[in-house]
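What follows is a set of notes on a single structure, which appears directly below.
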Amino acid sequence: MSVTSIKGFADMFPPESDAFTFMEAKAREVFGRCGFVELRTPIVEHTELFCRSIGEETDVVQKEMYTFPDRKGRMLTLRPEATAGVMRAYIQSARHTQEPVSKLFTTGPMFRYERPQKGRMRQFHQINCECLGSSSPYTDAELIVALMTFLQEIGLRDLSLKMNSLGCPSCRAAYKKALIAYLEGLDTELLCDDCKRRMHTNPLRVLDCKQEGCKSLTAAAPTILDYNCPDCRQHFDVVLRMLDAAKVPVTLDSCLVRGLDYYCRTTFEVVSGAIGAQSSVAGGGRYDGLIKQLGGADIPGVGFACGMERLALLLPQREALRPDFFVVAMGQGTQDAAFGLVNSLRRQGFAGDMSHAGGSFKSQMRQADKSRARFCLIIGEEELAQGKVSVKNMLAEGKEQHSVPMAGVAELF
RNA sequence: GCGGAUGUAGCUCAGUUGGCAGAGCACCUGGUUGUGGCCCAGGGUGUCGCGUGUUCAAUCCACGUCAUUCGCCCCA
């Protein structure tokens, strides 16, 4: 083959494409029930938007974005995540002047230049929900319950919800100080190279390091929850209480630190033990300062993103849809009648097919079987002459078959 | 950006101290002028990823390269 797809960019045929359609439909249904409306934003944005929202120092911005100049030299970027574009659209449309709280749902492809591996593509797909305009902890809880309901309704089990509270800018600063003091008190030579650097630039990320050495060193580190100020603590307590009331099991994880700079207070992540190294299937949190930081009003928000490729790896196998019929045409002049019958049935809302290539009777019967249709509709010269169709139930064991008028076939379904 | 593994038929994979290229599945045809699945019999022109080297001879050895994949990292 001369031209192939780009590394990390996948084609999807059934059953994978069916799985994606299914997930999107379920998401619209579940989140729609929870009051979310669908927002579609462009795939390409000004590069600056992502630098300002995700954070200039993050890995995503530093080395993972698809950034390029357009024909007039303006720097554009293929969105690496959805939240920034949603915020931009929200601010640009002055949505907050039309409604006090906006609940927005969006889905589509995202792009990051990373090394592909299981559950990680360069073009990947996310389902996103953002709730803007409410700082209530009930909003955090509602969003998380909606997410867990969605995951349950697409058939996922054995997921765990990890939660943490990063506090507000002021109490987080106090925690950072304490954490740095703790880290400096350790034998820092035992930390990995990344963590030696990170402990000053972004000390919270040291907690999230996967290296065994770092893990054991940080096991006794001060916990961010202990440093949450009374307001933050109370906020988080209400969230946890509401999740408990909603029977959503939660695991507190003081090491859960999100990779994007804009998060504060509630953060959460849904992980699976069953899909390899890329185990995080959904993640999100509160980002109260983000809209203001992007030039909008001082409006709070919470949201999450859900990785569809990773969900697809966990999705239980679903049986493919069974068509209602397959028409077999045999003999002179039968193909026109068969073509008409297929169209008529399809217009009545039934699903089915026929072979346009003809072929032997046996060949057409094999196609009928392969299509998994419930009924095989046979039109031969004899049937044609009588205006009838022989109907064979393909799911029955024996040779059950009977003849019905062509106009009355649909009644059998 | 860094490591490991793997590239042989449409798919999953065998294979040879270096000597004519294999299986299962799938697909097609037939066994039955018009009855699928099960069974049986047939049906393959594969640049053995690509390039270079070693050799009388390379799918096999060496080097390079590209691709895929699993990890690291990062994140959904």
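Chain naming here is simple, since letters A, B, ... match the order of the sequence lines and numbering starts at 1 in each.
With hydrogens and angles left out, the side chain of A:Arg115 and the base of B:C70 share no donor-acceptor pair within 3.5 Å. Residue side chain A:Arg120 does not reach the base of B:C70 through any donor-acceptor N/O pair under 3.5 Å, judged by distance alone.
B:A21 and B:G49 are spaced 14 Å apart, taking the P atom of each and rounding to whole Å. Comparing B:C66 with B:C50, their C1' atoms are spaced 7 Å from each other, to the whole Å. Comparing the P positions of B:U55 and B:G18 gives a spacing of 16 Å, expressed to the nearest Å. Using P as the reference atom, B:C28 and B:G15 are 31 Å apart when rounded to the nearest Å. B:G19 and B:A57 have their C1' atoms separated by 7 Å, with the value rounded to a whole Å.
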Please tabulate the protein-to-nucleotide N/O contacts below 3.5 Å involving nucleotides 24-27 of chain B, giving atom names and distances.
none

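Rounded to whole Å, atom P of B:C75 lies 10 Å from atom OH of A:Tyr263. Here the C1' atom of nucleotide B:G37 and the CZ atom of A:Phe361 are 15 Å apart, to the nearest Å. Whole-Å rounding puts the A:Gln332 CD to B:U33 P distance at 18 Å. A:Arg122 places its CZ atom 15 Å from the C1' atom of B:C75, with the value rounded to the nearest Å.
Closest approach to the A:Lys362 side chain among B:C72, B:C74, B:G31 is made by B:G31 (side chain taken as heavy atoms from C-beta onward).
A:Gly119 comes within 4.0 angstrom of a base, heavy atoms only.
Both A:Ile6 and A:Met121 lie close to RNA chain B; mapped to their nearest nucleotides by heavy-atom distance, the more 5′-ward contact belongs to A:Ile6.
Of the possible polar contacts, none joining the A:Glu184 side chain to the A:Ala181 backbone as a donor-acceptor pair under 3.5 Å is found.
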